[in-house]
Protein chains: 2
Amino acid sequence: MRSDDHSPAPEDAKPPPVPEDLAELASVFGLLSDPGRLRLLAALREGERCVGDLAAVAGASDSATSHHLRLLRAHRVVQARRRGRMVLYRIADAHVRLLLDVALAHVGHARAIANPGRESRSA
Amino acid sequence: MRSDDHSPAPEDAKPPPVPEDLAELASVFGLLSDPGRLRLLAALREGERCVGDLAAVAGASDSATSHHLRLLRAHRVVQARRRGRMVLYRIADAHVRLLLDVALAHVGHARAIANPGRESRSA
DNA sequence: TGCACATATGATCATGCGTTCAGATGACCA
DNA sequence: TGGTCATCTGAACGCATGATCATATGTGCA
């Protein structure tokens, strides 16, 4: 026992995460670890988009975009719906949306500390 | 223009994320995409821990753990503090903590849908 | 001061992941 | 029904990332 018992009274009494969930969670985070996919999701925050649009926004090829969307869909990060000959994607649920918001807020906050006096929306 | 203009009225009027932030965010998510590092963070949710403890909890070597913590610290996901000859790590801020909570809730929710009637805390 | 413990670091190697290309599937329209 | 558009799929290549080993730093204690 190195640090005797330093747990200074559980600050929120979080339930110990199921290992099974941790693995799945790691996969989901892995999906979010690509700037391209992040751009896709950022675009999807504004509403449903077809693959071609998303590809254009993310600056990637249709093929790459389709690959990415497939992965995101497999992990329930996005949902797909056919409309004619095109497929419209959207963010799967409120959790994902909130996750992105919190994450963006974090990096914004972190950068605000790193570069004081320089706003996120700097013109 | 493929999907004419389907944005069905911005559901929340999210500010368009700064590309710079997206890159940083992708890096942070990348750090969270490893089950081992996730175990470290899960352990840190319960309070400060030294490297040795964290290594034991995560089932990794001290060296690997140190490497991981270095990365996490570089991206302000965790903070470090010396106490004698050991270094105590903790989660950097409330954002990260919230991020983990939301993410865990997401995978829990997703699995609850996938396996109905099977609780997260299944014995 | 010298030893032992806790942590940090640097280099190397294997593996996974993203991208791309080529081709397949499926839906609309004339 | 043939043609075209939008998307999907499979395979191969190149790069980045994680793990490991050996070693360095730094702190407390006798």
Side-chain angles (χ1 to χ4, degrees), chain A residues 1-6 22-41 43-44 48-75 77-90, chain B residues 1-6 22-41 43-44 48-75 77-90:
Chain A
M1 208 180 280
R2 270 101 157 196
S3 61
D4 315 291
D5 186 299
H6 270 293
L22 280 184
E24 170 61 16
L25 183 51
S27 299
V28 173
F29 278 138
L31 291 178
L32 302 180
S33 70
D34 180 76
R37 281 194 291 261
L38 231 37
R39 274 192 292 274
L40 294 180
L41 292 171
L44 286 177
E48 275 183 329
R49 294 283 182 114
C50 68
V51 178
D53 269 9
L54 291 171
V57 169
S61 70
D62 290 354
S63 179
T65 301
S66 183
H67 278 290
H68 287 163
L69 290 171
R70 178 179 183 72
L71 291 175
L72 291 171
R73 194 170 47 175
H75 286 268
V77 176
V78 301
Q79 275 183 341
R81 153 173 97 98
R82 283 212 89 103
R83 180 174 175 267
R85 53 182 142 184
M86 56 180 76
V87 178
L88 297 180
Y89 283 85
R90 61 174 168 178
Chain B
M1 206 181 283
R2 271 103 156 197
S3 60
D4 316 290
D5 186 299
H6 271 292
L22 280 183
E24 171 61 16
L25 183 51
S27 299
V28 173
F29 277 138
L31 292 178
L32 301 180
S33 70
D34 180 76
R37 282 193 291 259
L38 230 37
R39 274 192 292 274
L40 294 180
L41 291 172
L44 286 177
E48 276 183 329
R49 294 282 183 116
C50 68
V51 178
D53 269 10
L54 290 171
V57 170
S61 69
D62 289 355
S63 179
T65 301
S66 184
H67 277 289
H68 287 162
L69 290 170
R70 177 178 182 73
L71 292 175
L72 290 170
R73 194 170 48 175
H75 287 269
V77 176
V78 301
Q79 275 183 342
R81 153 173 97 95
R82 282 213 92 103
R83 180 173 176 268
R85 54 180 140 182
M86 54 181 77
V87 178
L88 297 180
Y89 283 84
R90 60 173 169 177

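Computation of the quantities below employed the complete heavy-atom set of this structure, encompassing side-chain atoms and omitting hydrogens, waters and symmetry-equivalent molecules. Reminder, nothing fancy here: chain letters follow the sequence lines and each chain counts from 1.
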### Summary
What one should report as the nearest heavy-atom pair of B:H75 and B:S27 is CE1-CB, 3.5 Å
### Task
Starting from the 5' end of DNA chain C, give me the residue, A:G84 or A:L71, whose nearest nucleotide shows up first.
A:L71
### Nucleotide C:dC28, atom P - distance to CZ of A:R83 in whole Å
11 Å
### Task
Could you walk me through whether B:L32 and B:L38 pass side chain to side chain contact (heavy atoms under 4.5 Å, CB included), step by step?
CA-CA 6 Å; B:L32 301 180; B:L38 230 37; 4.2 Å; yes
### Query
When you look at A:R37 and A:V77, which way does the side chain to side chain contact (heavy atoms under 4.5 Å, CB included) test go after all the steps?
CA-CA 11 Å; A:R37 281 194 291 261; A:V77 176; over 6 Å; no
### Message
Using only modelled atom types and a 3.5 angstrom limit, is any donor from either the side chain of A:T65 or the base of D:dT7 paired with an acceptor on the other?
### Response
no
### Message
Nearest whole Å is fine: how far is C:dC29 C1' from A:M86 CE?
### Response
14 Å
### Message
What is the separation between atom CD on B:E48 and atom P on C:dT7, rounded to the nearest whole Å?
### Response
13 Å
### Query
Under 4.0 Å between a side-chain N/O of B:Y89 and OP1 or OP2 of C:dA6, yes or no?
no
### CA sep, side-chain torsions, deciding dist, call: B:V51, B:M86, side chain to side chain contact (heavy atoms under 4.5 Å, CB included)
CA-CA 8 Å; B:V51 178; B:M86 54 181 77; over 6 Å; no
### Query
Quick one: is D:dG10 close enough that its OP1 or OP2 comes under 4.0 Å of any side-chain N or O from A:H67?
no
### Atom-to-atom span, CZ of A:R81 to C1' of D:dT7 - whole angstrom
16 Å
### Query
Has B:R37 got a side-chain N or O lying under 4.0 Å from the OP1 or OP2 atom of D:dG18?
yes
### Query
Between D:dA6 atom C1' and A:L69 atom CG, what is the distance in whole Å?
13 Å
### Query
Does a side-chain N or O from A:R70 land closer than 4.0 Å to OP1 or OP2 of D:dT9, or not?
yes
### Query
With nearest nucleotides of DNA chain C determined for B:R82 and A:G30 from heavy-atom distances, which residue corresponds to the more 5′ nucleotide?
B:R82
### Toward the 5' end of DNA chain D, by each residue's nearest nucleotide, A:R85 or A:A80
A:R85
### A:L41 and A:V78: CA distance, side-chain angles, deciding distance, side chain to side chain contact (heavy atoms under 4.5 Å, CB included) verdict
CA-CA 8 Å; A:L41 292 171; A:V78 301; 3.7 Å; yes
### Message
At less than 3.5 Å, do the side-chain atoms of A:S63 and the base atoms of C:dC21 form a donor-acceptor pair?
### Response
yes
### Message
So, OP1 or OP2 of C:dC17: does either fall under 4.0 Å of a side-chain N or O from A:H68?
### Response
no
### Message
Rounded to whole Å, please give me the gap between CG in B:L72 and C1' in D:dG18.
### Response
13 Å
#### Entry: Value in whole Å for how far the P atom of D:dT9 lies from CG of A:D62
14 Å
### Message
Starting the side chain at C-beta, find the nucleotide from C:dT7, C:dT20, D:dT7 nearest to A:A64.
### Response
C:dT20
### Summary
Of the listed C:dA8, D:dT7, C:dT20, the closest approach to the A:S61 side chain comes from C:dT20
## Note on the structure
A:D34 CG to D:dT17 P, in whole Å, measures 11 Å
